[in-house]
Amino acid sequence: MNLLVTGAAGFIGSAYVRTLLASDAPDAPDITVLDKLTYAGSLDNLPLDHPRLEFVQGDIRDTELVGKLTGQADQVVHFAAESHVDRSITGASDFVLTNVVGTQTLLEGALRGGVSTFVHISTDEVYGSVDSGSSTEDHLLRPSSPYSASKASSDLLALAYHRTHGLDVRVTRCSNNYGPHQFPEKVIPLFVTNLLDGHQVPLYGEGANVRDWLHVDDHIQGVELVRTKGRPGEVYNIGGGTELSNRELTGLLLESCGADWDRVTHVEDRKGHDLRYSVDWSKARTELGYRPRHDFRAGLAETVDWYRDNRSWWEPLKRRMGEEHA
Ligand code: NAD
Ligand code: TDX
């Protein structure tokens, strides 16, 4: 079986590919990764010499390349995206080009190439801010940022290819992932690496915004369940079960790095900042047997240790981030 995985030089896709390649099950797939290697992608995240892995550098908007790869693939798992909300606020066009046009190009390639299953990785942010309760899969989509609006567009396009053409599309909407290899612009790796370097951490507004934290390995378990046991045309929420305000999260990170609150700088709030995300993942639990297994405190401690032990992975990335802002 040949599995085409897009965006797998990034945080979640690379964890997914590393996990599948570590399996020696007889039905373990051969994997082709398609990734443009934007600022967020790194070949260091992938075991490039693995005999079941082929890496192709390219853009998901490249119709010819996508046509060739989808023609060779049995299934597609689509992670590639511009993924950082703050970048979508300062410049939205790459978000539309990659997340909307790129996803449509892949869906069209999958349809023409006779791909049997297409898993589209969406996000809980498509539901917009949820003041109370949790969003089920049929909740209205009310995205707030250009990032989440572009993800909602691609999510709806994916479902449209199922309804219109009968393509076996399955959509996952997960909450905030954390774990090793996450690009140090996202709040957990940014704060951890700043603290390890003795710098301040920038907390937006009052730090009252709430996120539901999901270990990347639990997310991957959910994606695999959807790919192998999910139903065509269905959406599955994948939650982590640990809701924390950013203030609470910051307290845990300070504690893990042996630092005090004087290392926190309150900065201007993010524009259009969603107060809270919360997904109801009972459908994935009852239908697929999904359950997050990682205890948040233990997972966070392991993640902090990974950043402590892998400076050579993140220091060049932070240097480049510094140059971008210079
Ligand atoms: P990431 O930014 O770490 O990685 C994205 C990858 O996509 C990079 O390797 C990049 O090079 C590649 N890419 C970007 N544009 C491309 C293009 N035009 N063609 C080919 N490759 C391209 O992202 P991530 O955090 O691993 O997120 C993966 C997916 O999961 C995204 O679709 C994101 O929207 C979704 N998601 C992420 C989270 C989270 O907490 N990180 C939560 C919910 C959903
Ligand atoms: O410097 C910061 N200070 C801060 O207070 C940063 C970068 C973030 N924050 C706050 C904003 C959010 O409330 O922390 C929270 C988390 O921020 P991010 O790590 O940027 O994640 P978020 O905006 O919640 O989006 C993430 O989860 C959903 C991913 O980046 C998305 O790709 C995913 O869809």
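One-based numbering along the sequence shown. Both counts, for ligands and for their atoms, begin at 1 and track the order of listing.
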Query raised in the report: Does the N or O separation between V187 and ligand 2 drop below 3.5 Å for any pair?
Result: yes
In terms of its nearest heavy atom to atom 2 (C) of ligand 2, the top option of Y204, Y147, Y178 is Y204
Note: W281 and G241 closest approach over all heavy atoms is NE1-N, 4.4 Å
Return yes or no for this condition: an N or O of L203 is under 3.5 Å from an N or O of ligand 2. no
Is there a polar contact, in the sense of an N or O pair closer than 3.5 Å, between R211 and ligand 2? yes
Is L195 linked to W313 within one hydrophobic cluster, defined over Ile, Leu, Val, Met, Phe, Trp and Tyr using a side-chain heavy-atom separation of less than 4.5 Å? yes
*asked:* Over 60° means perpendicular and under 30° means parallel, so tell me whether F79 and Y16 are parallel, tilted or perpendicular.
replied: tilted
Value for CG (L3) from CD1 (I31), rounded to nearest 0.5 Å, stands at 5.5 Å
Query raised in the report: Does some side-chain heavy atom of P29 sit less than 4.5 Å from a side-chain heavy atom of L20?
Result: yes
If we number the atoms of ligand 2 from 1 as shown, the ones under 4.0 Å from a heavy atom of L190 are 1 (O)
List below, pair by pair, the N or O atoms of ligand 1 and of the protein that are less than 3.5 Å apart, including the distance to 0.1 Å; reply 'none' if no pair qualifies.
unit_1: ligand 1; atom_1: 2 (O); unit_2: S83; atom_2: OG; d: 2.7
unit_1: ligand 1; atom_1: 3 (O); unit_2: F11; atom_2: N; d: 3.1
unit_1: ligand 1; atom_1: 9 (O); unit_2: G10; atom_2: N; d: 3.0
unit_1: ligand 1; atom_1: 9 (O); unit_2: D35; atom_2: OD1; d: 3.2
unit_1: ligand 1; atom_1: 9 (O); unit_2: D35; atom_2: OD2; d: 2.6
unit_1: ligand 1; atom_1: 11 (O); unit_2: D35; atom_2: OD1; d: 2.6
unit_1: ligand 1; atom_1: 11 (O); unit_2: L37; atom_2: N; d: 3.4
unit_1: ligand 1; atom_1: 11 (O); unit_2: T38; atom_2: N; d: 3.0
unit_1: ligand 1; atom_1: 11 (O); unit_2: T38; atom_2: OG1; d: 3.1
unit_1: ligand 1; atom_1: 18 (N); unit_2: D59; atom_2: OD1; d: 3.0
unit_1: ligand 1; atom_1: 18 (N); unit_2: T98; atom_2: OG1; d: 3.0
unit_1: ligand 1; atom_1: 19 (N); unit_2: I60; atom_2: N; d: 3.0
unit_1: ligand 1; atom_1: 21 (N); unit_2: K36; atom_2: N; d: 3.0
unit_1: ligand 1; atom_1: 23 (O); unit_2: S83; atom_2: OG; d: 3.4
unit_1: ligand 1; atom_1: 26 (O); unit_2: F11; atom_2: N; d: 3.3
unit_1: ligand 1; atom_1: 26 (O); unit_2: I12; atom_2: N; d: 2.8
unit_1: ligand 1; atom_1: 32 (O); unit_2: F79; atom_2: O; d: 2.9
unit_1: ligand 1; atom_1: 32 (O); unit_2: K151; atom_2: NZ; d: 2.7
unit_1: ligand 1; atom_1: 34 (O); unit_2: Y147; atom_2: OH; d: 2.6
unit_1: ligand 1; atom_1: 34 (O); unit_2: K151; atom_2: NZ; d: 3.0
unit_1: ligand 1; atom_1: 40 (O); unit_2: N177; atom_2: N; d: 2.8

key: N or O contact, R270 vs ligand 2, cut-off under 3.5 Å   = yes
Contacts satisfying salt bridge (charged side-chain N to carboxylate O under 4.0 Å, His left out) that involve residues 81-92 (not counting sequence neighbours) are D86-R270, R87-E185, R87-E324
Exercise. Hey, are S278 and D212 close enough side-chain-wise for a donor-acceptor pair under 3.5 Å?
Worked result: no
